[in-house]
Every structure is written in structure tokens, then in C-alpha cells.
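Below: one structure, written as C-alpha cells.
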Amino acid sequence: MRLVTWNVNSIRLRLDGLRRINEEWRPDLVCLQETKVADPLFPREALAEMGFAHLAVLGQKGYNGVAIASRLPLDDVHSRSWCGRDDCRHLIATVGGIDVHCLYVPAGGDLPDPEVNDKFAHKLAFLEEVTAWFATVDPARPMVLMGDLNVAPLETDVWSHKQMLKVVSHTPVETGRLAALQASAGWIDAVRQFIPPEERLYTWWSYRAADWQASNRGRRLDHVWVSRPLAPRLASAQVVRQTRGWQPPSDHVPVIVDIRPI
DNA sequence: ATGGTGGATGCTCCA
């Protein structure tokens, strides 16, 4: 089974990109973040034409929004809300006996100080709540957690570890909270099973760079994690870097993981 | 130290 996660930054502007991904990589299931559209306006038909007969959406006007598109039936579709907000960041479905969590963690604003930046405080509280909840989930279940986690955990997940230590997405408090989330249900970083942690790897490049490829100041913000029972079934992982150069591009690129059948 | 771009929206917020 081929799984893809992609922060599309508007699904309606990324339909051609998704068609290209679909034709070239043939995913069985796609988790989308930042769909930026209310559910009645979601382009359901376009995804059905790509072969995604099963679709779960959780969107709102203008901001956030997640979706799961699948060739295989989705069971027990539901969502969770965190920090007392209904901001469309966590969608859950079961496919082929695997619980799929599509997650969009708050970006956290600019200043990495929860005392002066409410968005950063929200991000930290969000990670803490999700962690506490996953600690109550049975880690023996086959589960996948995929999405834009908005944290680059490893030194090799940013262009400059030293310069990024005070930049939101790579501060010690965030990488610490992400490590706690990873430990909560014994999650395994599927991508780093195939691309060694010593190797630099990014999934996001800012729109603000004059030349994203030349400066290459990326971050690995998008992740695919699996629970212990799925670890022996991991077959491959890849980051589709070249989509950053497609027109019009998302600032995030897709991450693909293949899981063998039992 | 600063501003840079892109998306949705509606004269600004968010990333």
C-alpha cells in the first residue's frame, strides 16, 4: 500500500499537481493538509476522477483543513479537536485494518516565546494534548501518523542547526515536544528508516527565497510515522522534492511511504 | 536587522 502526505496550501490550486502525483506515483491513499476550503466546496469530483473513490474531508473557509483520499474504503472516519478549537487539523480513518491519522500541527507564528506569542503557546499546548491522548491509544494497533507536524526534529532536518535553534520549528522546546509525541505511542519515523539521519532532508522551502533551489534553506516539517506492528512491513520512503519546482508550487512537497501487505 | 512570497479574503490574516 502506497501512502502519501502533502501539505497542498489550497487543494483547489493544487489539483493539477495532485493529478501529476497520482499519474506518476499512483498512491493508494493521500493525506492532505491546508486544503483551505469549506467542505461543501471541496473538489470531490476531481479526486474521484483520479480514482480516489473514498474521501474524508474536514475543512473550513480560508485556513487549515485536512482530507484523506483513498482508493480503498475508509472505515470509522472521525475527527478530533484540540485546545478547545474546531480548527480542522486532525482527521482519522481506518483503511485495510490500519488507523490513519492525518495531522496538521499549528505553525506557531514568528516569536518562539509562549509568553508573548499566543500562536506559539497554542502550538506547544497542541503538541502536549495530542501526546497525552496518544499515550492512551493501544500501541499494538497498526497505525500511521502522517502530516505537516511543523517541527524539524533532527539537526539534519534543517539547513543550519545552529542558526535555526531560535527559529520556530526547530527550537529545543518544540523538538522536545515532538520527541515526546513520538514516544507516546512508540511511533517510528518511517522516512528515516530509509534515508539515514546523517543525510540532510527537507520537505519545505519558503516561498520568500528568491531561488529556493540555489539557497536550499529547507526544513523537514512533513512526516510519516508508523506504530511498531507496521515497522517490519515498511518497504520504502521518498520525498518528492521536484514538486517544489512545479507551477504553481506548494511550499511543501509530498512524502511517500510504501507498506507491504501482511 | 530586515524583508522577502503566496493563498484566501474582502480593505488583513495566516503561513
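Chain identifiers are assigned alphabetically (A, B, ...) following the order of the sequence lines, protein sequences preceding nucleic acid strands; residue numbering begins at 1 within each chain.
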Would you kindly give the NZ-to-C1' distance between A:Lys119 and B:dC14, to the nearest whole Å?
6 Å

Want to settle it: does A:Pro106 or A:Pro249 sit nearer the 5' end of DNA chain B, counting the closest nucleotide to each?
A:Pro249

Assess, by modelled atom type and distance only, whether the side chains of A:Thr156 and A:Glu198 contain a donor and an acceptor separated by less than 3.5 Å.
no

Under a 3.5 Å distance rule, please check whether A:Asp148 uses its side chain to pair with a backbone N or O of A:Asn7 as donor and acceptor.
no

Checking all strands, does A:Arg217 fall into the base, sugar-phosphate, or nothing category for heavy-atom contacts under 4.0 angstrom?
nothing

On DNA chain B, does the nearest nucleotide to A:Arg14 precede the nearest nucleotide to A:Gly108 from the 5' side, or the other way round? Give the residue.
A:Arg14

When the P atoms of B:dC13 and B:dT9 are compared, how many Å lie between them, rounded to an integer?
16 Å

In whole angstrom, give the distance that lies between atom CG of A:Leu221 and atom P of B:dC14.
19 Å

Are A:Glu174 and A:Thr171 linked by a side-chain donor-acceptor pair shorter than 3.5 Å?
yes

In whole angstroms, how far is the C1' atom of B:dT5 from the CG atom of A:Asp251?
9 Å

For the pair made of CG in A:Asn117 and C1' in B:dA15, what is the distance, rounded to whole Å?
13 Å

Check: A:Trp187 ring centre within less than 6.0 Å of A:Phe134 ring centre:
yes

Of A:Asp251, A:Asp211, A:Asn216, which is the lone residue that meets side chain to side chain donor-acceptor pair (under 3.5 Å) with A:Trp205?
A:Asn216

Between B:dG6 (P) and A:Arg208 (CZ): distance, integer Å:
11 Å

Separation of B:dC13 C1' from A:Asp118 CG (nearest whole Å):
15 Å

Give me the distance, rounded to whole Å, that separates B:dC14 from B:dG10 when you measure between the P atoms they each carry.
14 Å

Using a 6.0 Å cut-off, check whether atom CD of A:Gln242 has over 12 heavy atoms from anything other than its own residue.
yes

Polar atom pairs (N or O), protein with nucleotides 8-10 of chain B, under 3.5 Å:
| from | atom 1 | to | atom 2 | distance (Å) |
| --- | --- | --- | --- | --- |
| B:dA8 | OP1 | A:Ser10 | OG | 2.1 |

For nucleotides B:dG3 and B:dG7, find the distance between their P atoms and express it as a whole number of Å.
22 Å

Going by atom types only, do A:Asp76 and A:Thr94 share a side-chain donor-acceptor pair under 3.5 Å?
no

Distance between C1' atoms of B:dA15 and B:dG4 (Å, rounded):
13 Å

In whole angstroms, how far is the P atom of B:dA15 from the CG atom of A:Leu111?
14 Å

How many Å lie between CZ on A:Arg85 and C1' on B:dC14, as a whole number?
13 Å

